[in-house]
Structure formats: structure tokens, C-alpha cells
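Just below is one structure, and these are the notes that go with it.
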Amino acid sequence: MNGPLAALTIQQFLADQLASYGSPDRAEFIGLIAFVLAGLVHATLLISLFAVLPMVYIWMERKVAGRIQDRLGPTRVGGKFGWLQTLADGIKLIQKEDLIPASADAMIFRMSPYLATIASFAAFMVLPIADGWVGVASECGAFLILALMSLEVFGIILAGYSSGSKWALFGAMREAAQMVSYEIPMAICALIPLVIAGSLNLQVIGQMQSGGAWNWFVFHDPFAFIAFFCYFVVATASVKRAPFDLAEAESELVAGFHTEYSGFRWSIFFLAEYASMFAVSGIAVLLFLGGWETGLGFPEAMLSGIRGVGQDVPIEGFVLGNYIANIFAAKVFILKASLLVFVQIWVRWTLPRLRIDQVMTTCLKYLVPISCCLFLGAVFWPLLLASSGLERPILFGRALVPPAVASAVGGVQSRVAIGSQVGSAVATADREGTR
Amino acid sequence: MIEQLLFWVFAILTCGAAVAVVATQNVVRMAFWLIVSLGSVSALFFLLHADFLGAAQLLIYVGGTVVLLVFGVMLTASGSSVRIKTSPAEAFVGAGVGLLLLSVLLFSVTSVEWDDLESRLPTRNLSPAAIDSQREASSDADVAAAGSSVAGPAREAQAALAARTQAGRTVRQLGLGFLGLRPDQDLNRPEGEGLSSGYLLPFEIVSIHLLVVLVGAAYLARAKRRVVAGASADL
Amino acid sequence: MGGVGLEAYLIVGAILFVCGVVCMATKRNAIGVLMGVELVLNGANINFVAFSRFTPLGLDGQSFALFVVVLAAAEAAVALAIALNFYNNHTTIDVDRGNELHG
């Protein structure tokens, strides 16, 4: 029963409840049942978050797109604002025929939407929604979530490849090149707040930014400030949103990697896409924008006052005030991340799409050097402050490069080697394809 | 019990997918099974309390190396080469030799008494697994000593929480190891014995190695067809 | 503990290793051979990490496994570049066709 696979309190609670029903000699079996039940509760909560957020975002996308194009957007299903439009879309999509082209590799064609969705969902496991509310409280959570997000590319490559269509294949190639290349500046930009915090634990990073907006890492130093915008651009590209949505460029590639998909499998690709939009925005909020804190003095003081209240609830490890404060914090977190998702939607309907070679150039020639310089600057910033006697008197800048981050740097380095090679190879292939 | 269950699930996934990699003739399906196999290996790493290594396996191996391999498949697959068949005779000989090798390995693994390894190795440190089990045993002993039914579950929960939050926390130690410090070995060491060596030099060598590979691979993979003069000069 | 012991992990590592060796030996596709190499390295890695958990060797095993992962990435990058060059010259990646240097 080792491993941080489920949070303790629900499991302990269930184990205590069940223990009163069973005989004590079957304690291990009861523990197993409690573990499985607790795991199911956690998974259900995460899955509902994973399913409901994309529904809201798809509705928001249609509404925002309508407004930007001087239309109304959906207005009929579920009231005046079309709240239930996504649900209606989903019901329609599930009823559609599940087509598999004759030239497709049927097994991989069937499996790849699930691969993409699993990778996107797995990122939700390590994303802390509020202080202590996290599926898997890993010490290297920030590293893990980047790793899990990087797996989504497989679903897309294999989907495009197995479709047996050249549009899908080209979409998949572009997508793969783009995602693998953009992960390098993404990881380097994400390293900057990790260096500031000296930890890879997303919860610790969130806690360190408490106490007001001036403690947020985005305002920590000028390099971190630029790094936030750099990260956001790169994150937009890595979840293949416009202006970087070359994988599904409908003006040239029909629909890109999901040309041959229909019905349920098509819809879960979109579920995965919108869920990863939330995930990358959530990482940005956690790393730069203070996580679940409002950033204002008054509500935070009130919440920390609440946190201790109500310890007499007869459940082990459950504090009522803490629970209420966490609900509020989770709402703040989701709201902040949704704001960033809104910006992504806004950008999509405002900016034209880049060309594939422009996308690769933006990454390899501009964003990678920029992020490297920002990283160096952020590392040297505490030295500069210390030498000029202006060092901030709080807990920042404790270690120049903390050992935890040093090993992460090593991991990122090897990704750089891979990404650059893929970039050059794909640039070659794409030039030959267009010739 | 749960650890066993998860171990069996992921061990079967790992081995089954590895066998599927060998048995499949289609390169793209091989890549798919390789993803499944390597992903399950990273799950086994998480079970072995090597959190950072599991994440690194996912990021570098599954997310990087295998993507690279799939790229290779895509860039080189032109209809006929997706399936380059192995002849049945070769497959038969390969399977035979493989089974022989496997039986040798399994024989040697099972014929060693791994249980009393602690007593035979000359180091004075305990293995992480033994430390964990000692911690659990001591918490059980505490509970037994306390004897009261009220304090029991709470104390046990605290001990379990402590053990669980400690499990897999290897990031800092690994990072210090790469910087040349070994707190996991040197802290219990008596004075005057000297410090054990870390991995600073190998870490630097690997860094340089990666840089060389980066340059070399980009050089090797560059476009070499000189089609029209000046057409490829801009990349 | 009542958990899984060292031996089970070693057996998984051995199976992975043998699969990789057979894959390297029987595949004629150069990328299939590379996949075999990855399987072999992962089998070794499982052994490293299992030894670091169940023996007093401590973190050395994990450090080694990390080096293996990183070097495997480098190896795959170079080997793939070679495979691409081979493909450019021979329009196939059948390793049996790379026999021009034999006497």
C-alpha cells in the first residue's frame, strides 16, 4: 500500500467506516476495498472535471467566435445563451456512424484517440486544484506533468499515420514536429519559476506564491515576467491552437490528422484538446500567476482565518474550514485558468494562421534562444541582486540552481537534442512534400 | 496487496507488449507496442519509488526517443518497407535462441538467494525497502504499545502518511548526487572515512555528449540533395 | 512488507532483455533493430532500479538508470540520423541491403 497513488483522507475515512462492519481479521481486505473506493471517488471527481471543463470551453469558443465575428453564436439549446449547445453536439456526435476507412490500420486507428485522451487526462492527475487537492502529490509534479503532456503527441501521430490518407499523414507529421519542438522552450520557460521556487512540487510552488499578487512568480524578476508570456505563446502552440494549428489547417489539409475520424472518436480528440488547453493554462497559473490565490490581501486573510475552523468534525484528517477554503481556492484556480483559455480562444479568432515553416522558425530560431537567455538571466538575477545589495528579504532566491532542478535541467537537455533533430528532419521532409 | 496487483498489471503489460514488438511485422504497430511497453516500465519505476526516474522515462524515452523512432518510420516508410518480412525459419531460430537465453537468465535469477542479500553485502546501509518495512514495523509496534483503540488508528494513519510522503522522494538526492554530494550515503558514515563520490563528472560528460550528439545528428540528418543551386540555401 | 520482491522485477527485466535481443536479431528493418535496443536498455534499467530499491546500494542504481535513459536518447538520435542517411542512399532501410563493404 505504498506509493502516492491516492490521497489519504478519503481512504482512511472509508477504511474506518468499513472496519466497523467487518471482522478485524480481514483488515487487509477492508483496506483494499477502501483503497479502491477512494481511488474511484478521486477518479470520478477528476473525470467530471476533465469532461465538464471542455464542454464549457467549447461553448465559450463558439460564443466568443460569434461575438468576434459580429454574430450571436449559439442561442437556442438550453436557454437564451445556448448553454447546452456542447451537450447537444456531443449527443449528435455519439449517434454518428463510427467509420474506419478501408486503407486504415484498424487497430491503431481505433486506439489512437484513446492514447491522446489518456495522456491529456493523466496530466489532470498531478495538477493541484487547491492547496492539498491533487490526485497524485508527487514531489516532481512539475516535471511529471510536462512528461505526461508530451505523450499526447502519440495519439495524434498514430491517428494521422493509421488513417491511410495523405492529408492526415501530413497533419500528423506537422503536429508531431511542432509539439516535439515546442516542448523545448516550454520546458525551459517552465524551469524559470522552478528555479525561483527551488522545488519541483507544484503544491509547494503554489504555496510559495501566497500572500498577495506581488509574491507571484511572474512579478519576481523581469526575466520571469517575460518568461510568462513566452511560456504562454509556447503553450498555445503545444496544444495546437491557432495561430499554430497547422495540424488541422483546413485551408490546406482538409482537417489534418482527424480527417478520417467521425462520431465518438472525433469528439474525444476535441475533448483531449480542450482539456489540455486547461492543463497548460493551469500550469501557467500555478507556475507564474499564484496558483489558487486571489492575489488580494482581504480575501486571502479571510480564507486563512477560516482554514483552522471546524476541527471537531468526527472524520480523521478533515477540517471543515479548510474544506470550504479549498472549494473557494479551487474556484479561483479554475477561473484563472479559464481566463487564460479565454485568451487562447480570443487569439484563435483574431490572428491568421502561420505557415508550417514559419511555425518551426518561430520555435527553433526565436523561442528557443529567447527562453535560454531568459533562463540564464533568471539564474543570474539573484546574484545581481545580492551584489547590488538589493536582495529581497523574503524566501526567494534561496538556492542558485537547486539540485532538484539541476536534474530536471539534465532531462530537458536531452529533449533539446531530440527536438532539434526532429525539427530539421521534418523541415526537410515538408519541403520535399510541398515541392 | 495493491502493490502486488499493480505490479502484476504493469508487469504483464510490459512483457506482453515487448513480446508483441517482437512478434509484429508492421513497423508502426511495433512502435505502438513499444509505447505501451515503455510506458508500463515507467509505471514499474513509480512502483519502485523512483518517481523522478519514472517521469524522466516518460519525458525522454516515451515522449522523446519513441517519437523520434516513429518519425524515422514515417520518413522512411514507402509502402514496401513498412513490412519487411522476417522469414519463418529466421523467426523460428530467433525464438529458439531467445527461449534458451531466457531460460538461462531465469535460472540464474531464481538460483540466487536474494533474501539474505543485506547480510552479505559489505555496506552498512540498509536498502530503501528494508528501511520502509522497518518504519512500518516500528509504527505497528508503537500502536501495539499504545494499546488504546482510540489512539491506534490516528497514530497508524500518521505513520502511514509519513511513510507515504517519504516514498519516492528521490529528486533532491539524485540532484545532489549529480552535483557530487551523496547525503544518502555519507550521513550515517563515521568521521574520518572520507566521502563517497558523486556523479558530477559523469553528469558533465553526459552534458557535453548530448551537445555533441545534438550537433552531429543535425549534421547527419540535414538535407544533402543538392537539387537546384540556391534552393536549399535558406535553411 | 508483503509486497513484490526483487526477483519478480528481475524476471520482468530478463523478459524485456530477451525480447530486445530477439528483436535486434530477427528484424530486418533498421528501425525495428533500434526498437530492440530500446527494449534491451529498458530491461537493464528495470534491474538497476530494482537493485537500488531492494539492496543497500541506494541511489546509485537510479543514477545509472538516469544516465542510461539520457544516453539512449542520444543513441536513438544518432542511429536514426544514420538510418535516414542509409534510406537516402539505398531507398530502403532493410539492414540486409547494407552489404556493399563486404569482400
Side-chain angles (χ1 to χ4, degrees), chain B residues 3-4 7 11 14-15 18-19 21-22 27 30 34 38 41 44-45 48-50 53 56-57 60-61 64-65 68-69 72-73 75-76 81 84 86 90-91 94 98 101-102 105-106 109 114 117 121 123 125-129 133 170 173-174 177 184-185 199 206 209-210 213 216-217 220-221, chain C residues 1-12 14-19 21-23 25-29 31-32 34-35 38-39 42 45-46 49-50 52-56 58-59 62-63 65-67 69-74 76-78 80-85 87-88 91-94:
Chain B
E3 192 191 342
Q4 267 171 318
F7 170 78
T14 306
C15 298
V19 171
V21 169
V22 178
V27 195
M30 280 168 65
L34 192 68
L38 299 190
V41 169
L44 288 181
F45 288 168
L48 283 168
H49 293 187
L53 191 59
Q57 164 99 1
I60 302 172
Y61 235 119
T65 309
L68 203 61
L69 287 180
V73 172
L75 291 173
T76 55
S81 67
I84 301 177
T86 310
E90 280 171 342
L101 182 58
L102 184 65
L105 285 177
L106 290 186
V109 164
W114 297 107
L117 199 65
L121 277 173
T123 40
N125 289 337
L126 283 172
S127 75
S133 61
T170 53
Q173 291 173 337
L174 273 179
D184 56 316
Q185 293 199 342
Y199 292 97
V206 162
H209 180 90
L210 281 174
V213 163
L220 277 176
Chain C
M1 278 289 282
V4 188
L6 175 62
E7 203 173 296
Y9 284 99
L10 291 186
I11 290 171
V12 174
I15 293 175
L16 222 55
F17 178 84
V18 170
C19 282
V21 168
V22 173
C23 193
T26 59
K27 299 287 176 197
R28 284 166 56 202
N29 191 324
I31 297 187
L34 272 182
M35 290 180 188
E38 308 301 334
L39 284 180
N42 266 278
N45 262 1
I46 290 184
V49 181
S52 102
R53 168 111 179 101
F54 293 105
T55 69
L59 276 181
Q62 289 194 28
S63 309
L66 216 49
F67 282 123
V69 169
V70 171
L71 289 179
V78 173
L80 198 75
I82 293 172
L84 284 184
N85 264 343
Y87 180 76
N88 284 342
T91 63
T92 179
I93 44 169
D94 187 347

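In what follows, chains carry the letters A, B, and so on, assigned in the order in which the sequence lines appear, proteins first and then strands, with residues in each chain numbered from 1. The basis for the numbers below is simple: all heavy atoms, side chains too, and nothing from hydrogens, waters or symmetry mates.
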* Who among C/Val49, C/Thr26, C/Ile15 has the most heavy-atom pairs with chain B under 4.5 Å? -> C/Val49

* Structure fact -> B/Leu68 and C/Ala77 have their tightest heavy-atom pair at CD2-CA, 3.5 Å

* Does the side chain of B/Gln57 come within less than 4.5 Å of C/Asn42's, by heavy atoms? -> yes

* Any idea which heavy atoms bring C/Leu80 and B/Gly72 closest together, and the distance? -> CD1-CA, 3.7 Å

* **Heavy-atom proximity to chain C below 4.5 Å, by part of B/Leu101** => both

* Locate the shortest heavy-atom distance separating C/Cys23 from B/Val22; write the atom from each residue and the value. => CB-CG2, 4.0 Å

* **side chain to side chain contact (heavy atoms under 4.5 Å, CB included) assessment of C/Met35 paired with B/Val27** => CA-CA 10 Å; C/Met35 290 180 188; B/Val27 195; 4.3 Å; yes

* Structure fact -> side chain to side chain contact (heavy atoms under 4.5 Å, CB included) filter on C/Val12, not counting sequence neighbours, yields B/Phe7, B/Ala11, B/Thr14, B/Cys15, B/Leu44, C/Ile46

* Residue part contacting chain C, namely of B/Leu105, when any heavy atom lies under 4.5 Å -> side chain

* **B/Val21 to C/Lys27 - nearest heavy-atom pair and separation** => O-NZ, 3.4 Å

* side chain to side chain contact (heavy atoms under 4.5 Å, CB included) between C/Asn45 and B/Val41: does it pass, once the steps are laid out? -> CA-CA 9 Å; C/Asn45 262 1; B/Val41 169; 5.7 Å; no

* CZ/C/Phe17: more than 12 non-hydrogen atoms of other groups inside 6.0 Å -> no

* Relative to chain C, which segment of B/Leu34 carries a heavy atom at a distance below 4.5 Å: side chain, backbone, both, or neither? -> side chain

* List the atom of C/Leu66, the atom of B/Ala56, and the distance in Å for their closest heavy-atom pair. => CD1-CB, 3.7 Å

* Would you mind checking which part of C/Ala25 comes under 4.5 Å of any heavy atom in chain B, side chain (CB onward), backbone (N, CA, C, O), both or neither? => neither

* Are C/Asn29 and B/Met30 close enough, and set up right, to give a side chain to side chain contact (heavy atoms under 4.5 Å, CB included), and what steps lead you there? -> CA-CA 11 Å; C/Asn29 191 324; B/Met30 280 168 65; over 6 Å; no

* Which pair of non-hydrogen atoms, one from B/Leu53 and one from C/Ala65, has the smallest distance, and what is that distance? -> CD2-CB, 3.4 Å

* Structure fact -> By side chain to side chain contact (heavy atoms under 4.5 Å, CB included), B/Val109 pairs with (sequence neighbours left out) B/Trp114, C/Glu7, C/Leu10, C/Ile11

